[in-house]
Amino acid sequence: MGTPSDKKLIDENGLRLDGRGPDELRPIRIRTDVLERADGSAMIEWGGNKIIVAVYGPREAYPKHTQDIERAVIKARYNMAAFSVDERKRPGPDRRSVEISKVISEALTAAVMVEQFPRTQIDVFIEVVQADAGTRIASLTAASVALANAGIPMKDFVVGCTAGRVEGKVVLDLSKEEDNFGQADLPMAVLQKSGEVVLIQMDGELSKEEFDSAVAMIMDATKRIHEIQRNALVEKYQNIEAGGEE
Amino acid sequence: MGTPSDKKLIDENGLRLDGRGPDELRPIRIRTDVLERADGSAMIEWGGNKIIVAVYGPREAYPKHTQDIERAVIKARYNMAAFSVDERKRPGPDRRSVEISKVISEALTAAVMVEQFPRTQIDVFIEVVQADAGTRIASLTAASVALANAGIPMKDFVVGCTAGRVEGKVVLDLSKEEDNFGQADLPMAVLQKSGEVVLIQMDGELSKEEFDSAVAMIMDATKRIHEIQRNALVEKYQNIEAGGEE
Amino acid sequence: MGTPSDKKLIDENGLRLDGRGPDELRPIRIRTDVLERADGSAMIEWGGNKIIVAVYGPREAYPKHTQDIERAVIKARYNMAAFSVDERKRPGPDRRSVEISKVISEALTAAVMVEQFPRTQIDVFIEVVQADAGTRIASLTAASVALANAGIPMKDFVVGCTAGRVEGKVVLDLSKEEDNFGQADLPMAVLQKSGEVVLIQMDGELSKEEFDSAVAMIMDATKRIHEIQRNALVEKYQNIEAGGEE
Amino acid sequence: MPKDASGVLSEIKRSFIQEKLKSGFREDGRKLDEMRKITIDENYVPRAQGSAFVQLGKTKVIVGIKIESGAPFPDTPNLGVMTTNVEMLPMAFPTFEPGPPNEDSIEIARVVDRGIRESKMIDLEKLCIEPGKKVMIVFIDIDVIDFDGNIIDACTMGVVKALSFARYKPDPEGDELPVPINNHPISVTMVKIGNEILCDPNLEEEQMSNARITVTMTEDGKIRAMQKGNIGSFTLGQINEVIQMSERVGNGIREQILGEVR
Amino acid sequence: MPKDASGVLSEIKRSFIQEKLKSGFREDGRKLDEMRKITIDENYVPRAQGSAFVQLGKTKVIVGIKIESGAPFPDTPNLGVMTTNVEMLPMAFPTFEPGPPNEDSIEIARVVDRGIRESKMIDLEKLCIEPGKKVMIVFIDIDVIDFDGNIIDACTMGVVKALSFARYKPDPEGDELPVPINNHPISVTMVKIGNEILCDPNLEEEQMSNARITVTMTEDGKIRAMQKGNIGSFTLGQINEVIQMSERVGNGIREQILGEVR
Amino acid sequence: MPKDASGVLSEIKRSFIQEKLKSGFREDGRKLDEMRKITIDENYVPRAQGSAFVQLGKTKVIVGIKIESGAPFPDTPNLGVMTTNVEMLPMAFPTFEPGPPNEDSIEIARVVDRGIRESKMIDLEKLCIEPGKKVMIVFIDIDVIDFDGNIIDACTMGVVKALSFARYKPDPEGDELPVPINNHPISVTMVKIGNEILCDPNLEEEQMSNARITVTMTEDGKIRAMQKGNIGSFTLGQINEVIQMSERVGNGIREQILGEVR
């Protein structure tokens, strides 16, 4: 049994525990229309993450005092299933999930044409079925697809990814062990076309140079991730054209 | 000191710990008008159970979204006093009492002429002062009397009783020890005239034959129990005719 | 290290641990206008007590069903900072603070011309930054000043003080140790002009004679305390006349 | 305090009651310092370690006492523990709502608790089984089931009665012992209507009054707890008067409910 | 039960459905005692100790089982512990709201729990590691993610499937063991529309009905749990009918979902 | 963020402020990278183990630190524990309400906590008394008593100041020791108005802006924590700009508040 400090997270060839190179993503798969009731839905599998996102709305914001007369209010609710993590999680929101719900709501607001739907709310329900590092940016990436799936007009797509520092090296898309025993974690999300940053959080220790190289890695990866988003939606439209939804 | 498994719950003569035969009820006593403020009230003593029921209404349902435009909503609230059980119970509803409140509300709805009072609610507050097995059906039996005492129009009376399996034998009206160490518990409540079942729950293990014989025992017992309900109400009306309420 | 019972709280000369005589107050200092946002504010330092009071209102009472059509409702909220006491206090109201909030609200209502502002509420937020015995009467004394500072019309000032019994002697203004190890605690607050009692609580053991002498001590002390209230307000008005606010 | 189901009292009734008070009598015929009829059934909940069903006029409360072993508070390792909880059940009054105790219930519970605790009625030292480890915890729970004013006194007398008969087992295998009792505190609650002070207010009197005071004393004539409530005030003279009334009335109650015990 | 997004069912649809039922068929073509299509993906959440993704028609639930060590209940020192929680996620239906479980979720969780517990499916005695000190706690958590009626049966079959494959480590350093299983309870939920009894109601059928009943049985033909819900009633004859339907339909489900396991 | 008491800012004021920003100055005369006046009274709550009263312009917060012994987290048996809680007291602003922390307070507390925690300011290893059994718990509690924007920076500098002077007793009978400190993180919060980035926004500036970012750095020039807030976005160039501003401004703050300590 090795303790964290015994375990080498990056080997002599620069490869990571799961065999990836420094700027390699874990496998990502997105499907849409995974739920019947929701107006739009998507499921993302990203490494060991398994996350379902449902979108309802725009619908009248309730209670009334939460209405914004100028725009739709986006209410994301990030929730972890009790069985999604190693030790059983007590159901209900904790401080971490409240914070993540807030930053996801804000990031999505920048992408949706919220001005078109004053006084309404758009609910984005996120259920983390299995968690494996990077849940917030995986959720955001899937939420963007679910919003499109719901037919909600959007200015741009939100695409997220993390980078971090592990054993002194900057690497892309931290795995669970790299997240636990690494030295920095930088989740970030951008608008796909404009490249503007709509979510950024960081903890750990990064020099400015390391930060710059982490950001560059993420910016590059978001292009690849957006392809997957686009394909998930295209697949749906192709199905519709072909007259069936699987 | 005997442990549960040492204790014989039924002796060689087929008699139970408290001397009852298999189809014998514990002593039951019901009184009405036990409270001043409530629109109707009843107290039931059933074996060691001591339960007070108060009825308020019909009154405007609040909050408004709970109103039903077609009928009165019956809201039973089953509550155990902190001192009602062996180990002090922390005040406030738990999952068990929420479930019992729900099934009691539903059973009473079948008996009351709820269509006469759209948009209103009828509150049935149940306080278990001392618990001794069978509290839900004792509560329901008393609630029916309290509703009548409140002058609320009813199609029929709800009468409840339990049966169960103890040391392989089907017996009526389980005592606390029989409930704790028995093999099955079947609480049931029927409309007195029509015999229709408005509450049934079961847990434990019963063959279909045992189930049938338990149901037959209960159906028979409900006749006797309804007599007690009727007498409690008659006693009140006799008192009123006689010009006083004790 | 002495245990409570070893420690003499009153010495052979009748002096207390902090050198005070039986009817001597701890140092008291009140300042107004300590906050920007509040409509009125005051800070009181009384011995080791450090308490900030903010007043907002009169403003429309909310939710609506809390409105009184005949008068303003005064809602005091007494709160202890997590770091205000020896052992860290979990944030949020407990039963003690709910009770204190209630008696403070009631005492202040007697002093304010509440009839002038029907349907409104006046919020009095009290934060105990450091607690050192006698916080409720210190809060009340400061709240009275904060209400005046907010320009709210008042019939009279509320002035509070405690007395108690320590090692068999009646003494004024209990210190923390006298409160913990003494034999009785009598917090009391009066309207300054009329001398009417608007708050009185007691716990411990007092003969009627001791009670009378404690009350007399308090009544005398309230005159001195009111001087400090008056000076705090005058100081402010002088500053305003002089064209500046510190 | 709740308003009457029909809203507030009519003006006519108010002036009628006030007029009558001046002649020294109340609407129900009582004198100003006269309690309503008190009936207490002891051991009303046999499964509890102590219990009482109190009827004070039309006000009804059930007191139940459970005594269990547990850990002492860290700062009083040699003392047993007591807690007091009052449930103003929604069955007791049309406007009472289910849910956690509101500020009224909390105040009532704390005043009742203070009277019992500060009089040192229960000898908590004797409830210590193993210092710092195991003591007896006395849970005092009160159900208010019918409300017609003056909950505090109904509760206090119920608790005193129930404790007087309560028994506990320091050792689950051993014998039952009576709860060790030092004295018998009695609370007397009074309200001011106009300038008259009257004890044991019923609901109408509570609604008419704007100042309430409770004084709890023990048989040795000592004051153990006081609590003023509501937005009105008392003069120092009235404070004096309520203390005297409290002792006189309280002695009568103690005599009546505990005559045979003491 | 929630109303449809478009409010209640139209009268026309109602009478159409009711008419069709009389001929022995339902709107979706099923016979009265026919289940919707069942698909169960086992081990859907590999990080859990057991899991299943159940599709019952359009109703979808995810069952996850975590098994951790902990203290037994004081009154059952030799038994492991099981708990069941059902989250009716707001993603599952337009009117479901976030927050603590409401009375519907609580009832569902308790009925599912009762079926598993009372059949003694899990051999809790074998989950005792050190009597009175350490036992295994089986946390059964269920996410309802898409709602089209009959949550109870979807949950129960998911739990049974997940438990059948669940593994745990009594000793963190030791080997994994299968959860000890005694039998396989299956719940069958039926509703009454008019006088017809039909199993596995979809949302529309739940909305049209005013009486629901669940019967859980094991492969030995024994009844283990029952629960009637909603404001309607059943005759004794109908109670008899639902028990028979439950056994027949339940055996079919058990066969289908566990064929390969048993 | 709360709206101003008078509702939103008038359009006229908005354009005035925006116009002025283009010339490099703010409504209150500050340059874009200029902090408001900072005043910190240390040891403001002598009974706490560390404390500070911070005035950042008109924003006022009180930081109190209590240090008590307790159990470590199971997965970090050799480390002390720190927690951070921020109370946005209702006295601080007309629309702040009493009650449990809302999402704004939670975010603020977590950003403050992250800056302190990730910089490893407190040497948690030295706060371990007995591995797996007993460690020191550092409770950081912050009262926001007057709100005029930029709570995060006011809180962070208050915590850093209070920790720099905080003392604790590993052994109740023994001597007081200073809390072991590794470095001094400083957070700098900036907002974007139009295309201008400005630090230490006051309330009006927070209301006018729709994108906020906080960067926390230590004296070694390392970034320790970042948090973007609000619904607007930043270009990569602006991200670069805020990091530079954060270092420059942060060094100034560190110098000013800790000059004498380091």
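Keep in mind that this is a model prediction, so the values were computed, not measured.
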Spacing of [atom1] belonging to [X] relative to [atom2] belonging to [Y], to within rounding of 0.5 Å:
| X | Y | atom1 | atom2 | result |
| --- | --- | --- | --- | --- |
| E103(D) | S105(C) | CD | OG | 7.0 Å |
| I200(C) | S233(D) | CD1 | OG | 12.0 Å |
| M226(D) | L186(C) | CE | CG | 7.0 Å |
| L108(C) | I231(D) | CG | CD1 | 11.5 Å |

Give the member of E107(D), R224(D), Q244(D), K222(D) that has the highest number of heavy-atom pairs under 4.5 Å with chain C.
R224(D)
Taking atom types as modelled and ignoring hydrogens, do the side chains of Q227(D) and E99(C) form a donor-acceptor contact shorter than 3.5 angstrom?
yes
So which part of [X] gets closer than 4.5 Å to some heavy atom of chain D, the side chain, the backbone, both or neither?
| X | result |
| --- | --- |
| D185(C) | neither |
| A110(C) | both |
| V103(C) | side chain |

E205(C) vs K120(D), test: salt bridge (Lys or Arg N to Asp or Glu O under 4.0 Å). Steps then yes/no.
CA-CA 10 Å; E205(C) 182 194 318; K120(D) 303 193 186 345; over 6 Å; no
Can you find a pair of side-chain heavy atoms, one from V198(C) and one from F234(D), that are under 4.5 Å apart?
no
Around [X], counting heavy atoms of other residues, nucleotides and ligands shown, do more than 12 lie under 6.0 Å from its [atom1]?
| X | atom1 | answer |
| --- | --- | --- |
| E125(D) | CD | no |
| E87(C) | CD | no |
| K133(D) | NZ | no |

So what's closer than 4.5 Å to chain C heavy atoms on [X]: side chain, backbone, both or neither?
| X | value |
| --- | --- |
| E247(D) | side chain |
| I239(D) | side chain |
| N210(D) | neither |

Hey, are K228(D) and E106(C) close enough for a salt bridge, meaning a charged N less than 4.0 Å from a carboxylate O?
no
Can you give me the closest heavy-atom contact between L236(D) and G195(C), atom names plus distance?
CG-O, 4.4 Å
Between R95(C) and P101(D), the two heavy atoms sitting closest are NH1-CG, 4.1 Å
Run the numbers on R114(D) and Q201(C) for side-chain contact (heavy atoms from CB on, under 4.5 Å), then give the verdict.
CA-CA 10 Å; R114(D) 202 173 292 148; Q201(C) 297 185 289; 3.7 Å; yes
Which residue out of M188(C), R96(C), M219(C) racks up the most heavy-atom pairs below 4.5 Å with chain D?
R96(C)
In D104(D), I106(D), N102(D), the residue satisfying side-chain contact (heavy atoms from CB on, under 4.5 Å) with K102(C) is D104(D)
